[in-house]
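The structure appears right after this line, and notes come after that.
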Amino acid sequence: MNRLLLMAILLGFTLDVLAQGSLFIIGGGKRPPMMMKKLVSESGLDKSGYGIILPQSSEEPDTSAFYAARSLTEGGAKSLTTFFFSSGDSLRSTQLDSLRKAALIFITGGDQNRFMSAVGGTPAEKAIMDCYQRGGMIAGTSAGAAVMSRIMITGRELRYPNADEDSFRTIEKDNIETARGLGLLKSTIIDQHFLKRKRMNRLVTAVLENPGQLGVGIDESTAILVRKNQATVIGESQVVLLRLNTKLFSDKRSLIGGRNIAMSVLVPGEIFPIE
């Protein structure tokens with residue numbers, strides 16, 4: 001191969017890697033001022049650029065967008081706007097271009113399924129990915145955290161559809177419903193409100209049924225900042241990591257298990273690899 005051509009290819013690859021942005025994934029609950037200041041400063045929104053709030057997860061998008069804007073502004077954000085659209089709506093080309101060039105895209109809480117219904121498979125989803133690849137920050141809280149994964153926990157139980165909210169009292173196969181998320185994280189499954197709502201059974205099940213995926217349970221008022229396959233814990237509580245290191249076991253009924261499931265409990269300031 002021509003030496004100059006090879007150098008150009010390598011340079012293009014390097015620039016693509018360097019252009020990749022960051023993720024700020026919040027486990028829901030209250031958003032401490034310190035954490036929001038970190039989000040804004042890491043996105044650069046306290047100095048230049050603009051942020052876009054996407055409240056499609058919420059049943060009350062106006063209210064959700066208002067509180068998101070308030071916490072971001074208190075964190076130092078200078079320029080914010082909100083894009084309101086529902087499933088079936090089409091964004092204008094100017095709006096899509098704005099998404100691509102945003103310094104920050106913030107996805108609010110609510111229902112991750114509602115968000116993916118409005119955004120999944122649309123030009124808006126492509127624009128979000130383009131923003132990330134250009135170097136922008138994609139942030140989200142609660143449902144906005146769940147959508148970061150390629151394999152997204154929907155929150156629904158298939159075996160016990162009438163169970164109380166946040167029950168997940170068993171570890172059984174074919175009970176945790178998953179769907180396609182944005183896929184900003186390819187080999188990681190995010191769960192949120194993790195310690196507050198006692199979601200260990202849910203994430204254990206998801207990890208057992210998806211060998212090779214890292215389960216990341218983020219508690220409320222806590223976040224992870226992801227840059228170049230490295231995550232830093234930020235906020236007031238902990239992050240739990242789960243990974244299955246051996247094959248899945250199951251019995252003749254619906255119970256599943258696995259040996260040597262690696263678990264870590266990380267406090268703010270700790271760093272771990274993530275993909």
Side-chain angles (χ1 to χ4, degrees), residues 20-28 52-59 61 64 68 83 85-88 91 99-100 102 104-133 136-158 166 168 174-194 197 199 202-218 222-227 229 231 239-244 274-275:
Q20 187 168 322
S22 58
L23 307 174
F24 202 98
I25 309 174
I26 305 170
I52 297 176
I53 298 168
L54 298 181
Q56 281 68 28
S57 300
S58 178
E59 287 186 331
S64 186
F83 283 0
F85 60 92
S86 303
S87 178
L91 292 181
L99 279 173
R100 294 186 193 99
L104 168 70
I105 295 174
F106 187 90
I107 303 169
T108 68
D111 183 337
Q112 52 267 42
N113 306 291
R114 186 181 296 113
F115 181 87
M116 290 306 299
S117 176
V119 174
T122 71
E125 180 180 22
K126 176 65 165 55
I128 293 170
M129 184 63 74
D130 288 345
C131 174
Y132 180 53
Q133 292 299 326
M137 172 182 281
I138 313 300
T141 183
S142 188
V147 301
M148 300 287 183
S149 306
R150 178 177 62 85
I151 299 173
M152 180 185 76
I153 296 176
T154 70
R156 298 170 181 154
E157 288 194 76
L158 299 177
D166 292 318
F168 292 96
D174 302 324
N175 184 39
I176 304 300
E177 182 185 65
T178 60
R180 183 182 74 86
L182 291 174
L184 296 166
L185 291 170
K186 306 297 184 186
S187 302
T188 300
I189 299 175
I190 296 291
D191 205 346
Q192 68 280 3
H193 301 279
F194 193 70
R197 299 190 185 179
R199 288 180 165 172
R202 186 165 88 168
L203 190 58
V204 167
T205 304
V207 168
L208 287 173
E209 293 195 310
N210 296 278
Q213 293 281 317
L214 174 66
V216 178
I218 307 173
T222 307
I224 58 171
L225 170 62
V226 180
R227 287 191 186 276
N229 298 328
V239 169
V240 176
L241 308 181
L242 296 173
R243 188 187 294 275
L244 176 64
I274 192 170
E275 294 180 0

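Note that these values count all heavy atoms, side chains included, but never hydrogens, waters or copies made by symmetry. This structure is a prediction, so every number in the text was calculated from the model and none was measured. Start at 1 with the first residue, then count along the sequence.
Here the CD1 atom belonging to Ile105 is positioned 5.5 Å from the CD1 atom belonging to Ile128, to the nearest 0.5 angstrom. With rounding to the nearest 0.5 Å, the separation of CD1 in Ile138 from CG in Leu184 is 6.5 Å. Separating the CD atom in Glu275 from the CD atom in Gln213 is a distance of 9.5 Å, to the nearest 0.5 Å. Rounding to the nearest 0.5 Å gives a distance of 9.5 Å between CZ of Arg114 and OG of Ser86. Note: Arg100 CZ to Lys126 NZ = 7.0 Å, rounded to the nearest 0.5 Å. A distance of 11.5 Å separates CG of Asn113 from CD1 of Ile153, quoted to the nearest 0.5 Å.
The closest donor-acceptor contact from the side chain of Arg243 to the backbone of Gly215 lies at 3.5 Å or more, if one exists at all. Of the possible donor and acceptor atoms, one in the side chain of Thr154 sits under 3.5 Å from a partner among the backbone N and O of Glu177. Between the Gln133 side chain and the Met129 main chain, no donor and acceptor come within less than 3.5 Å of each other. The backbone N or O of Ile25 sits nowhere less than 3.5 Å from a side-chain atom of Gln192 that would complete a donor-acceptor pair.
Side chains of Val207 and Ile189 form no contact here, defined as non-hydrogen atoms less than 4.5 Å apart. A 4.5 Å side-chain heavy-atom check between Val216 and Phe194 finds every atom pair outside the cut-off. Inter-residue side-chain proximity for Glu59 and Asp111 is flagged as unmet; no heavy-atom pair is nearer than 4.5 Å. At a threshold of 4.5 Å between non-hydrogen side-chain atoms, the residues Ile26 and Phe106 count as touching. A 4.5 Å side-chain heavy-atom check between Thr108 and Pro55 finds at least one atom pair inside the cut-off. Between Phe85 and Leu54, the closest side-chain pair of non-hydrogen atoms falls below 4.5 Å.
Among the candidates Ile190, Leu185, Ile224, the single residue satisfying the side-chain contact (heavy atoms from CB on, under 4.5 Å) test with Leu23 is Leu185. When each of Ile274, Val226, Ile151 is paired with Thr188, the side-chain contact (heavy atoms from CB on, under 4.5 Å) condition holds for Ile274 and for no other.
Met148 and Phe24 get closest at one heavy-atom pair: CE-O, 4.4 Å. Residue Gly109 comes nearest to Ser64 through the heavy atom pair O-OG, 4.2 Å, listed as atom of the first residue, atom of the second, then distance. For Gly155 against Gln112, the heavy-atom pair with the smallest separation is N-NE2, 4.2 Å. Leu104 and Ala139 get closest at one heavy-atom pair: CD1-CB, 3.8 Å. In plain terms, the two heavy atoms of Phe83 and Gln56 that are nearest each other are O-NE2, 2.9 Å. In plain terms, the two heavy atoms of Ser57 and Phe115 that are nearest each other are OG-CB, 3.2 Å.
Within a 6.0 Å sphere centred on NZ of Lys186, heavy atoms belonging to other residues, nucleotides or ligands number more than 12.
With sequence neighbours left out, the side-chain hydrogen bond (donor to acceptor under 3.5 Å, both in side chains) criterion links Asn210 to no other residue.
Side-chain contact check for Glu157 and Asn175: at least one donor-acceptor pair (N or O, by modelled atom type) lies under 3.5 Å.
Sorted by first then second residue, the side-chain hydrogen bond (donor to acceptor under 3.5 Å, both in side chains) pairs that include residues 141-152, not counting sequence neighbours, are Ser142-His193.
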Should Glu209 and Asp174 be marked as a side chain to side chain contact (heavy atoms under 4.5 Å, CB included) after you check the CA-CA gap, both sets of side-chain angles, and the distance that decides it?
-> CA-CA 8 Å; Glu209 293 195 310; Asp174 302 324; 4.1 Å; yes
